[in-house]
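Naming: A, B, ... by sequence-line order, numbering from 1 per chain. Please read all numbers here as calculations on a predicted model, not as lab measurements.
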2 protein chains.
Amino acid sequence: MKLEKIRTMEEFAAVSGISRPTLSKYFNDPGSVRSSTRERIEAALDRYDYRPNIYAVNQNRQMTRNIGIVVPYLADPFFAEVARNLEPLCAEAGFRPILLSSHGDPAQEIENLESLRAIKPAGVLLAPLGRRSHHEEVRDFCRDVPTVLFDCDIPGAGDAFIGSDNEQSIRLIVEYLCRTGEPPAFFEMTTPPNPNANKRHAAYEAAMLALGHTPRFLGAEGEGWSFEEIGYREGMRMLDGRELPTDTVLCSNDRLAIGVLAAAYEKGLRVGLGHGSALRVAGHDDHPYARYTCPQLTTVAQDYKEISSRSIGEILSIIESGIRRKTRLTKLYEGTLVMRRSA
Amino acid sequence: MKLEKIRTMEEFAAVSGISRPTLSKYFNDPGSVRSSTRERIEAALDRYDYRPNIYAVNQNRQMTRNIGIVVPYLADPFFAEVARNLEPLCAEAGFRPILLSSHGDPAQEIENLESLRAIKPAGVLLAPLGRRSHHEEVRDFCRDVPTVLFDCDIPGAGDAFIGSDNEQSIRLIVEYLCRTGEPPAFFEMTTPPNPNANKRHAAYEAAMLALGHTPRFLGAEGEGWSFEEIGYREGMRMLDGRELPTDTVLCSNDRLAIGVLAAAYEKGLRVGLGHGSALRVAGHDDHPYARYTCPQLTTVAQDYKEISSRSIGEILSIIESGIRRKTRLTKLYEGTLVMRRSA
DNA sequence: ACCTTAATTTTACGCGCGTCAATAATTTTG
DNA sequence: CAAAATTATTGACGCGCGTAAAATTAAGGT
């Protein structure tokens, strides 16, 4: 039970019997004052309700203790999960996470960055939109503010890129699919918003050729981030037209696969391995909903826990050292096969 | 192309030939200065790169132009969608939305509110966790900061509650289900985190009785916000034990239904209307993924566009009038039936 | 042109805190 | 126990902008 509200540090100095500059030191770094005074301060803090005014504090610092987190599309549960992992990691390090979503819009992305710039964050974690991002403006921002890119790369932007090894993960699932049935065709958007899709395209092609198979692509038309809808609509179209060259479809990501599975169900096609099945469908990412599709989706899990913690680690080391990276770091984490029922 | 960076309003006053107080007025409300001077300012703004320092601005205002948005669980695509709708509405009104997720944790919820309090927001839109929320502390917050609750109510907290009319929407789908087949049993969590679940429980009971049927409840054990997992696990258990008293299951929300559908698929049960089907499953909310389940989920759509815009509208009217509501407003929006394949 | 009204400029203070220099108090060391 | 080293206090200034009062200027109407 707090006795009374204290409005300024001056007042708090009066009631606590500690001088204001010492209090200021304490709030900036509790370890910088003698332990006996720290205890006195904390005892007073316990009795009185006082918190330094953020605006006054930050006005007199060139760097705040905010870390911006910008994701391309928060309505995608994958990024929601990543954000959920990132936030507590920030908080533990004593920083305030500020989460912004670009909602699939490059202009919004730049607006988010400008909005962050105004806040003078200590650092930023940015998962860019990708292909449609305004690359030059993103690079400009990264020059001014320490930034770590994750999930999706923009060449030359930021101090580091932490992501998935699409080459390895796609090879992994292609090999699995070839080993257990017909070689897969690759279901992808013809104009994907995200460059990971391009890497996966190339990785599929390389993996198929290495195994002596002919790569076959299933191009889904559509723009934007409504992947399930695109997967469903284009999946329906392909199933209608009997365009499928094989009974095995590897989707560029799980959200497309969710749409394809819905289409297959609609068409009465039994999906899965084994005899009674007409189709195998696999995805990529291990999306939170992948285990609740029908059938449960076989996919490659991105190591997003590692990606999250490494991204935070990188930005913190830049912040704490106070020096930007001279050479840009790129760190890719390997995916792991998640065998379920769909392939 | 901006000529040079201006650091302070003083400097900008010098280069633009406008006095600093006038500039201050302009930045607070561009409409408050004469149009001729507005044009001069905007011309200068076009040539020089200057933005007022947020921290200095907010220090000297008792109220900032921030609106806090607190949701219980951002990894739930429903809330992600709501947030996505809310953000542009805030921005259009000239406010900066600050999105925080409680991640299903009551302590985090209070922390979010405290964090917002420190920011002195003009107002807050709060979708509380519900049953497990620390009600007293939420009420305390709402006393200090204009707050509109949405989605889930906490009695006596905030200036208004904007939500769904569970009574109406549940009756709607119960009547539909009874009209088209066997009366439904109600699949729900025995200890739901959200009081909407309790309202839906009561609404189901009332609707069934009104139609002359016996309400039957299917209680799913489990804690937390992993509804799909609970629906799947408990659905499996019930299907294993052949506990189902009818062939029709109405789930308390779509996320549970997604789990139940996955369980039914796993068990080889054909879900849907009509002859070949062994089970009908319906949900509530019209979750973003409801149209990609197998089969597509019949459900009741919450009017979340209306809920979003009305919530913003309420908080803006409180902010702009500067007076808190004397009587607490409660506004419930009706749901609409979304007939798909599952029931 | 003159008056009224509205808008702008000048001047000046204050917000709450960071931070510095000089001084005083406390702790540590020899 | 005195000297040295560390930590706290006192006093003061500045950050960038809001804002008030008084003086000045510009716009609108007859």
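dA8(D) atom C1' lies 11 Å from atom CG of Leu23(A), rounded to whole Å. Atom CG of Asn53(A) is separated from atom P of dG14(C) by 18 Å (rounded to the nearest Å). Summarising the geometry, the separation between CG on Asn60(A) and P on dG18(C) is reported as 7 Å, rounded to the nearest angstrom. dG18(C) atom C1' lies 18 Å from atom OH of Tyr55(A), rounded to whole Å. If you measure from atom NZ of Lys120(B) to atom P of dG16(C), you get 7 Å, rounded to the nearest angstrom. Here dG16(C) presents its P atom at 17 Å from CZ of Arg51(A), a figure rounded to the nearest Å. When rounded to the nearest whole Å, the span between CD1 of Ile54(B) and C1' of dC17(D) equals 13 Å. Met9(B) places its CE atom 19 Å from the P atom of dC15(C), with the value rounded to the nearest Å.
In the model, Glu42(B) has a side-chain atom that pairs as donor or acceptor with a side-chain atom of Tyr26(B) under 3.5 Å.
Checking dC17(C), dG16(D), dA8(D) against every side-chain atom of Ala56(B), the shortest atom distance belongs to dG16(D).
Arg40(B) pairs by the side-chain hydrogen bond (donor to acceptor under 3.5 Å, both in side chains) definition with nothing, not counting sequence neighbours. Checked against side-chain hydrogen bond (donor to acceptor under 3.5 Å, both in side chains), Asn58(B) has no partners two or more places apart in sequence or in another chain. Checked against side-chain contact (heavy atoms from CB on, under 4.5 Å), Ser309(B) has the following partners two or more places apart in sequence or in another chain: Leu89(B), Glu306(B). A search for side-chain contact (heavy atoms from CB on, under 4.5 Å) contacts involving Pro97(B) returns Ile69(B), Glu87(B), Cys90(B), not counting sequence neighbours. Every residue meeting the side-chain hydrogen bond (donor to acceptor under 3.5 Å, both in side chains) condition with Ser115(B), not counting sequence neighbours, appears here in chain and number order: Arg96(A). The side-chain hydrogen bond (donor to acceptor under 3.5 Å, both in side chains) search around Ser133(B) returns Glu109(B), not counting sequence neighbours. In this view, Tyr73(A) and Trp225(A) satisfy the ring-ring contact (aromatic ring centres under 6.0 Å, His included) rule, not counting sequence neighbours.
Salt bridge annotation for Arg51(B)-Glu114(A): present, with a cationic side-chain nitrogen under 4.0 angstrom from a carboxylate oxygen.
Residue Asn28(B) places at least one side-chain N or O closer than 4.0 Å to OP1 or OP2 of dG18(D). Within the structure, every side-chain polar atom (N or O) of Ser24(A) is placed at least 4.0 Å from both OP1 and OP2 of dC17(C).
When the local axes at the two ends of the helix from dA1(C)-dT30(D) to dG30(C)-dC1(D) are compared, using 5 base pairs at each end, they differ in direction by 10° after rounding to 10°.
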**Q.** Residues Arg325(B), Glu314(B); criterion salt bridge (Lys or Arg N to Asp or Glu O under 4.0 Å); working and verdict
**A.** CA-CA 10 Å; Arg325(B) 288 193 71 90; Glu314(B) 273 310 309; 3.4 Å; yes

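Residues Gln59(B) and Thr22(B) each lie close to DNA chain C; by heavy-atom proximity, the contact nearer the 5' end of the strand is made by Thr22(B). Residue order along DNA chain C, read from the 5' end via each residue's closest nucleotide, puts Lys25(B) first among Tyr50(A) and Lys25(B).
A heavy atom lying under 4.0 Å from DNA chain C marks the following residues of residues 12-21 of chain B, by number: Gly17(B), Ile18(B), Ser19(B), Arg20(B), Pro21(B).
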Listed pairs, N/O of protein and of nucleotides 22-28 of chain C, under 3.5 Å:
none

Contacts under 3.5 angstrom, residues 144-155 of chain A side chains, donor-acceptor by atom type, not counting sequence neighbours:
from, atom 1, to, atom 2, distance (Å)
Asp144(A), OD2, Arg117(A), NH1, 2.3
Thr147(A), OG1, Val145(A), O, 2.8
Asp153(A), OD1, Arg328(A), NH2, 2.6

Report, one line per pair, each donor and acceptor closer than 3.5 Å where one atom sits in a side chain of residues 12-20 of chain B; sequence neighbours left out.
from, atom 1, to, atom 2, distance (Å)
Ser16(B), OG, Phe12(B), O, 2.6
Ser16(B), OG, Ile18(B), N, 3.4
Ser19(B), OG, Thr22(B), OG1, 2.9

